[in-house]
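Beneath this line is the structure, given in structure tokens, with notes to follow.
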Amino acid sequence: RITIMLLSFSLGRSEAVLLQNICLQELNSYFASLPLFLQQHSRMVGIYTQLLAREVLAESSVEFPLYAQSWSLSDFLGFGFYHDIGKSGIANSIWSYTGALNQEERKLAQSHTILGAYLILGKLPFPGGDNGIPNLRDTLAQCCLYHHEHWDGSGYPFGLSGKTIPYFARMVGIADAFDAMTSNRPYHRGISVQDALLEIQNGAGTQFDPMLAERFCSILRQHSYQLL
């Protein structure tokens, strides 16, 4: 695993701004109902998303949405922290099951994306927000809804492709896949950091935004963080 130094796990300003009219106590109650391994997964996805956003934002030559350049790093942490909140609306036995899910169970599991967006926003968000420029709450709902969409259009729930997938959902999708691969789950053993980065690299341009995938791999291979 990767020990992240100099990044504190605190939602900070995002508690007041990111969630706006959402009852934070209620949202955190949903989060606490998740199995512990999913809670830890969401924490790590938040940290990886924050790390990627910070590094990409620092590179003025790299594409980064203008509307988000004034947002706090804690906001990007929140996008990852709550990306799977919709899983709280599905029986925990689905997430802890060690066998293969049947078609109906897979559809139920995949519905966590839609449930999460409804918990955050009360509706399904357009990729660009209602007025074309998503605010923080829109963006969090987008991360819930679209983080399993694939660059080549093979993902779910809607089969979006390329840049029609909201930018920060693409970031969360990479962070989510990386931590899922490197973590132990009831149904699989985690793989090494090096092997997971190779999978991200191989998925660039098919599952993942190629530019963001390249930056993610480069950051984790070259940054001064300790690989364990």
Side-chain angles (χ1 to χ4, degrees), residues 11 14 18-19 22-49 76-127 134 136-151 153-161 164-188 190 203 207-209:
L11 290 181
S14 61
L18 173 60
L19 301 180
I22 303 170
C23 176
L24 186 65
Q25 183 177 1
E26 183 177 4
L27 201 60
N28 284 337
S29 177
Y30 294 144
F31 183 87
S33 72
L34 293 170
L36 291 178
F37 74 89
L38 286 180
Q39 294 182 36
Q40 177 61 14
H41 166 67
S42 292
R43 293 184 182 102
M44 293 307 300
V45 172
I47 289 172
Y48 292 135
T49 301
F76 307 125
L77 184 80
F79 296 158
F81 185 85
Y82 290 114
H83 79 287
D84 270 346
I85 197 67
K87 289 183 176 180
S88 65
I90 298 171
N92 282 343
S93 58
I94 287 287
W95 314 121
S96 301
Y97 187 58
T98 57
L101 299 179
N102 62 34
Q103 184 176 1
E104 290 75 20
E105 290 165 339
R106 284 196 300 273
K107 289 180 179 179
L108 178 62
Q110 291 176 354
S111 72
H112 78 275
T113 57
I114 294 172
L115 290 172
Y118 269 110
L119 283 175
I120 300 298
L121 203 59
K123 60 182 179 180
L124 297 187
F126 286 113
L136 285 160
R137 188 177 179 186
D138 291 332
T139 303
L140 176 57
Q142 289 174 355
C143 290
C144 293
L145 183 59
Y146 299 119
H147 69 275
H148 283 294
E149 300 285 3
H150 292 174
W151 187 258
S154 64
Y156 67 86
F158 301 119
L160 300 185
S161 63
T164 63
I165 305 168
Y167 187 80
F168 294 104
R170 287 180 256 156
M171 278 194 176
V172 170
I174 294 171
D176 174 67
F178 177 78
D179 188 70
M181 285 188 283
T182 56
S183 300
N184 292 328
R185 298 285 182 91
Y187 44 84
H188 81 81
Q207 183 171 349
F208 308 114
D209 178 321

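Every value quoted in this text rests on a predicted model; they were computed, and no experiment measured them. Residues take their numbers from the sequence shown, with the count starting at 1.
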Which heavy-atom pair separates [X] from [Y] by the least distance, and what is that distance?
X    : Y    : result
A117 : A141 : CB-O, 3.8 Å
Y146 : I165 : O-CG2, 4.0 Å
G190 : N184 : N-OD1, 2.8 Å
S33  : Y30  : OG-O, 2.6 Å
I85  : G116 : CG2-CA, 3.9 Å
A169 : C143 : N-SG, 3.8 Å

Heavy-atom donor-acceptor pair, [X] side chain to [Y] backbone, under 3.5 Å:
X    : Y    : result
H147 : A175 : no
W95  : P35  : no
E105 : N102 : yes

Residue list, side-chain contact (heavy atoms from CB on, under 4.5 Å) with Q103, at least two apart or on another chain: R106, K107

For L115, all residues meeting side-chain contact (heavy atoms from CB on, under 4.5 Å), sequence neighbours excluded: I90, S111

Pairing residues for Y187 by the ring pair (Phe, Tyr, Trp, His ring centres under 6.0 Å) criterion, not counting sequence neighbours: none

Rounded to the nearest 0.5 Å, what separates atom [atom1] in [X] from atom [atom2] in [Y]?
X    : Y    : atom1 : atom2 : result
F158 : L145 : CZ    : CG    : 5.0 Å
Y82  : N28  : OH    : CG    : 3.5 Å
H112 : I94  : NE2   : CD1   : 12.5 Å
H41  : T182 : NE2   : OG1   : 9.5 Å
M181 : D176 : CE    : CG    : 9.5 Å
T49  : M171 : OG1   : CE    : 8.0 Å

Under a 4.5 Å cut-off applied to non-hydrogen side-chain atoms, are [X] and [Y] in contact?
X    : Y    : answer
F79  : L136 : yes
L140 : L121 : no
C144 : L119 : no

Verdict with reasoning, W151 to R170, per side-chain contact (heavy atoms from CB on, under 4.5 Å): CA-CA 8 Å; W151 187 258; R170 287 180 256 156; 3.8 Å; yes

Aromatic centroids of H83 and H148 separated by under 6.0 Å: no

Aromatic ring proximity F31/F81, centre distance under 6.0 Å: yes

Full working for side-chain contact (heavy atoms from CB on, under 4.5 Å) between T164 and E149: CA-CA 10 Å; T164 63; E149 300 285 3; over 6 Å; no

Distance-only donor-acceptor check, side chains D179 and S183, under 3.5 Å: yes

Geometric class of the F168/F76 ring pair [parallel <30°, tilted 30-60°, perpendicular >60°]: parallel

